[in-house]
K.L.:
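My structure is below; once you've seen it, I'll send some questions.
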Amino acid sequence: MTTVLFATSEVHPLVKTGGLADISGSLPPALRALGHDVRLILPAYPQVLARCERLMTLVKLIPLQGAPTPVRILEGILPDTDVPVYLVDCPTYFDRMGGIYGDATGDWPDNPQRFTLFSRAVVALTKGWPGLVWKPEVVHCNDWQTGLVPALLSLEEYRPKTIFTIHNLSYQGVFSWGTFVELGLPMGLWSLEGLEFYGRLSFIKGGLAYADRLTTVSPTYAREIRTPTFGYGLEGLIESRAERLFGILNGANYDHWDPQNDPYLPYHYSAADFSGKSANKAALQRHFGLPVRSDVVLFGFVGRMVEQKGFDLVLSCLPEWTQHQLQIVVLGSGDPVFEQGSQVLATRFPAQVAVRVGYDEALAHLIEAGADAFLMPSRFEPCGLNQLYSLRYGTLPVVRRTGGLADTVVDATPENIAAGRATGFVFNAATQASLNKTLVRVLNLYYNNPTIWKRMIEFAMAADYGWDKSARTYADLYQHAMVG
Ligand code: ADP
């Protein structure tokens with residue numbers, strides 16, 4: 001049994017902007033189910049204070065370097081689990097309207113101060129908070145917001161082992177040298193081998209350079225970030241630590257994402273009893289005001305409307321696609337140009353294209369259940385969760401061969417179909433031509449080979465990407481880190 005403090009800036013169902021929250025909400029309970037004492041720590045944003053269960057004050061006031069006022073620590077429980085949650089309550093930094101990293105005008109300018117304070121609170125916990133006897137053997141950090149934790153802990157004589165997981169290397173938390181000085185970080189951390197990145201302060205380097213073990217969220221992404229294309233100048237450092245880097249695939253949380261008992265769905269279904277799927281398709285078409293037709297293939301897209309997700313490719317292909325018998329529903333938000341571009345297309349092709357700009361958990365579930373195929377043509381994708389949900393919902397994913405998409409979706413080649421392995425459509429080049437060619441393959445199979453389509457759905461729904469296996473791999477890694 002290992003004691004683990006899981007430090008994260010977001011966790012489902014308390015607060016979520018993306019996949020990090022899903023993982024933070026799923027991995028700790030899965031590890032606890034294996035007998036490990038895993039606890040979460042995150043900032044006390046207002047949405048978290050509103051949703052966390054059994055909240056009480058653990059530490060009234062602790063002084064922390066950089067805190068405008070002494071910080072309060074609250075303790076609660078992650079809803080529907082037995083995972084203890086520690087909340088770092090510093091209203092000046094965390095109690096504000098808008099998003100947790102910024103608002104419509106951009107990132108919060110004091111993000112370096114906010115996440116340095118959070119990191120200092122994590123370090124303080126490992127040294128012992130008043131009133132808390134528990135101490136972690138391992139601190140598991142996630143993304144740049146917690147990058148300073150391994151760096152600061154590296155200066156301690158007695159410290160827990162540190163794991164740093166890269167969920168997305170393109171977000172690095174890079175700020176000025178002046179910010180480094182202002183934050184009062186130890187000068188010993190300022191070096192090429194440390195936090196310095198081309199004369200600037202890089203939070204993510206704190207994790208990459210100082211953590212005892214590095215992980216990322218798929219084996220393919222673990223290889224990709226060692227190359228210039230995906231490494232953003234950090235590939236040299238990552239390569240130098242390659243023997244300590246592991247690619248561990250994220251799991252899907254089937255407690256939340258299973259068409260047999262998904263509370264968001266009007267109709268439940270399984271591979272054995274599939275009739276609910278077409279009822280959900282009709283419900284989805286009705287929801288979006290599209291013609292209710294069972295004989296037209298319906299594509300879904302859910303996610304951030306950004307280049308990373310290849311959403312620009314989808315937009316540039318769409319006018320041509322409307323010449324075919326197909327419908328597409330889109331849910332997401334992101335780049336305002338893409339948000340508007342998609343809405344323009346929805347107005348132009350109202351019988352085929354429907355768009356909802358925004359964040360809507362219930363609708364995301366209905367799209368997974370009601371669509372026939374799911375578009376995810378990402379330029380890079382550390383792991384990706386929606387393709388895992390799509391597989392479980394029998395909604396064949398159409399993906400680019402990158403990162404976790406390459407590791408989880410098996411292309412519908414004749415050999416893979418014959419071998420009972422094919423679960424979706426995979427293409428290589430991030431180009432309009434390549435996506436168009438794939439569309440032709442999808443349409444051909446959907447309209448001309450319904451038997452094969454149905455068999456692929458069965459393979460997809462039978463694929464197991466639950467958390468159990470990944471949680472065991474993390475548990476082994478913690479053990480591994482503790483012995484050396
Ligand atoms: P990301 O790179 O954004 O983390 P992932 O595929 O790893 O991508 O995870 C995205 C998660 O966020 C999924 O659970 C997905 O359903 C959800 N999601 C993304 N955008 C939306 C939205 N507009 N409405 C509802 N859920 C969304």
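Read the numbers this way: they start at 1 and go in the same order the structure lists the ligands and their atoms.
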K.L.:
Ligand 1 and N168, any nitrogen or oxygen pair closer than 3.5 angstrom?
P.N.:
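Such a contact does not occur with ligand 1.
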K.L.:
Checking the N or O distance criterion of under 3.5 Å, is ligand 1 in contact with N386?
P.N.:
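By distance alone, the answer is yes.
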K.L.:
What protein heavy atom sits nearest atom 3 (O) of ligand 1, and how far off is it?
P.N.:
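Residue, atom and distance for the closest contact: R304 NE, 2.8 Å.
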K.L.:
Parallel, tilted or perpendicular, judged at 30° and 60°: which one describes the rings of Y393 and Y269?
P.N.:
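Correct class here is perpendicular.
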K.L.:
Tell me: protein heavy atom nearest atom 27 (C) of ligand 1, and distance?
P.N.:
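The protein heavy atom lying closest is Y359 CE1, 3.4 Å.
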K.L.:
Among all protein heavy atoms, pick out the one at the shortest distance from atom 8 (O) of ligand 1; state its residue, atom name and that distance to 0.1 Å.
P.N.:
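That would be K309 NZ, 3.0 Å.
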K.L.:
Do me a favour and list the nearest non-hydrogen protein atom to atom 5 (P) of ligand 1 with residue, atom name and distance?
P.N.:
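Answer for atom 5 (P) of ligand 1: L385 N, 3.8 Å.
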K.L.:
Quick one: which of T8, T146, T165 gives a side chain to side chain donor-acceptor pair (under 3.5 Å) with H140?
P.N.:
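Testing each of T8, T146, T165 against H140, the sole residue satisfying side chain to side chain donor-acceptor pair (under 3.5 Å) is T165.
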K.L.:
Tell me whether R401 forms a cation-pi arrangement with F427, defined as NZ or CZ under 6.0 Å from the six-membered ring centre and within 45 degrees of its axis.
P.N.:
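Because its charged atom misses either the 6.0 Å distance or the 45° angle limit, R401 does not stack over F427.
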K.L.:
Below 3.5 Å, N or O to N or O, backbone or side chain included: is there any such pair between E361 and ligand 1?
P.N.:
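Not met; the criterion fails.
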K.L.:
Restricting to side-chain contact (heavy atoms from CB on, under 4.5 Å), what partner residues turn up for Q308, sequence neighbours left out?
P.N.:
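If we apply the side-chain contact (heavy atoms from CB on, under 4.5 Å) test to Q308, skipping adjacent residues, the hits are N168, R304, V306, F380, E381, P382.
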K.L.:
Relative to the heavy atoms of G18, which atoms of ligand 1 are at a distance of less than 4.0 Å?
P.N.:
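Ligand 1 atoms under the 4.0 Å threshold to G18: 4 (O).
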K.L.:
Using heavy atoms and a 4.0 Å limit, tell me yes or no: is K16 in contact with ligand 1?
P.N.:
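In this structure, K16 qualifies as a contact of ligand 1 - some heavy atom is under 4.0 Å.
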K.L.:
Polar-atom distance check: S333 versus ligand 1, any N or O pair below 3.5 Å?
P.N.:
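In this structure, S333 places no N or O atom under 3.5 Å from an N or O of ligand 1.
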K.L.:
Out of P136, C141, S24, which residue meets the side chain to side chain contact (heavy atoms under 4.5 Å, CB included) rule with F6?
P.N.:
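Answer to the side chain to side chain contact (heavy atoms under 4.5 Å, CB included) test with F6 among P136, C141, S24: S24.
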K.L.:
Would D372 and K281 satisfy salt bridge (Lys or Arg N to Asp or Glu O under 4.0 Å), going step by step from the backbone distance to the final call?
P.N.:
CA-CA 8 Å; D372 296 299; K281 178 172 174 176; 2.7 Å; yes
K.L.:
Has the side chain of E10 got a donor or acceptor atom that lies under 3.5 Å from a matching backbone atom of L20?
P.N.:
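Checking the backbone N and O of L20 against the side chain of E10, no donor-acceptor pair under 3.5 Å is found.
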K.L.:
Evaluate the side-chain proximity of L78 to P13: yes if any heavy-atom separation is below 4.5 Å, no if none is.
P.N.:
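Yes. Closest side-chain heavy atoms under 4.5 Å.
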K.L.:
Is there a nitrogen or oxygen of D360 sitting under 3.5 Å from a nitrogen or oxygen of ligand 1?
P.N.:
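Yes.
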K.L.:
Around atom 11 (C) of ligand 1, find the nearest protein heavy atom and jot down its residue, atom name and distance.
P.N.:
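Protein heavy atom at minimum distance: D22 OD2, 3.6 Å.
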K.L.:
W144 vs F175, test: ring pair (Phe, Tyr, Trp, His ring centres under 6.0 Å). Steps then yes/no.
P.N.:
CA-CA 12 Å; W144 75 264; F175 305 98; 5.8 Å; yes
K.L.:
With atoms numbered from 1 as shown, which atoms in ligand 1 lie under 4.0 angstrom from a non-hydrogen atom of A364?
P.N.:
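By the 4.0 Å cutoff, the relevant atoms are 25 (C), 26 (N).
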K.L.:
Would you call the rings of W467 and Y474 parallel, tilted or perpendicular, taking 30° and 60° as the class edges?
P.N.:
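Judged by the thresholds at 30° and 60°, the geometry between W467 and Y474 is tilted.
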K.L.:
Using a plain distance cutoff, I'd like to know if G19 has any nitrogen or oxygen under 3.5 Å from a nitrogen or oxygen of ligand 1.
P.N.:
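N/O-N/O distance under 3.5 Å: yes.
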K.L.:
Which residue owns the protein heavy atom closest to atom 20 (N) of ligand 1, what's the atom, and how far is it?
P.N.:
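Minimum-distance protein heavy atom for atom 20 (N) of ligand 1 reads G303 CA, 3.5 Å.
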K.L.:
At less than 4.0 angstrom from any non-hydrogen atom of Y389, what atoms of ligand 1 do you find?
P.N.:
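Those atoms are 14 (O).
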K.L.:
Are the aromatic rings of Y210 and F164 close, with centres under 6.0 Å apart?
P.N.:
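No.
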K.L.:
Can you tell me if C383 has a non-hydrogen atom under 4.0 Å from ligand 1?
P.N.:
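Judged by the 4.0 Å heavy-atom criterion, C383 does not count as contacting ligand 1.
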K.L.:
Step by step, work out the salt bridge (Lys or Arg N to Asp or Glu O under 4.0 Å) result for D82 and R39.
P.N.:
CA-CA 9 Å; D82 62 348; R39 305 182 185 195; over 6 Å; no
K.L.:
Which of the numbered atoms in ligand 1 are under 4.0 angstrom from any heavy atom belonging to G332?
P.N.:
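Those qualifying, in numeric order: 23 (N).
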K.L.:
What atoms in ligand 1 come closer than 4.0 Å to a heavy atom of G384?
P.N.:
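Every atom of ligand 1 under 4.0 Å from some heavy atom of G384: 6 (O), 7 (O).
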K.L.:
Does E368 come within less than 4.0 angstrom of ligand 1, counting non-hydrogen atoms of the residue?
P.N.:
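E368 does not count as a contact of ligand 1 under the 4.0 Å cut-off.
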K.L.:
Do the numbers put R96 on top of the ring of W108, so that NZ or CZ is under 6.0 Å from the six-membered ring centre and no more than 45° off the axis?
P.N.:
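Cation-pi check for R96 and W108: passes.
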K.L.:
Counting both backbone and side chain atoms, is some N or O of G358 under 3.5 Å from an N or O of ligand 1?
P.N.:
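Right, the criterion is met.
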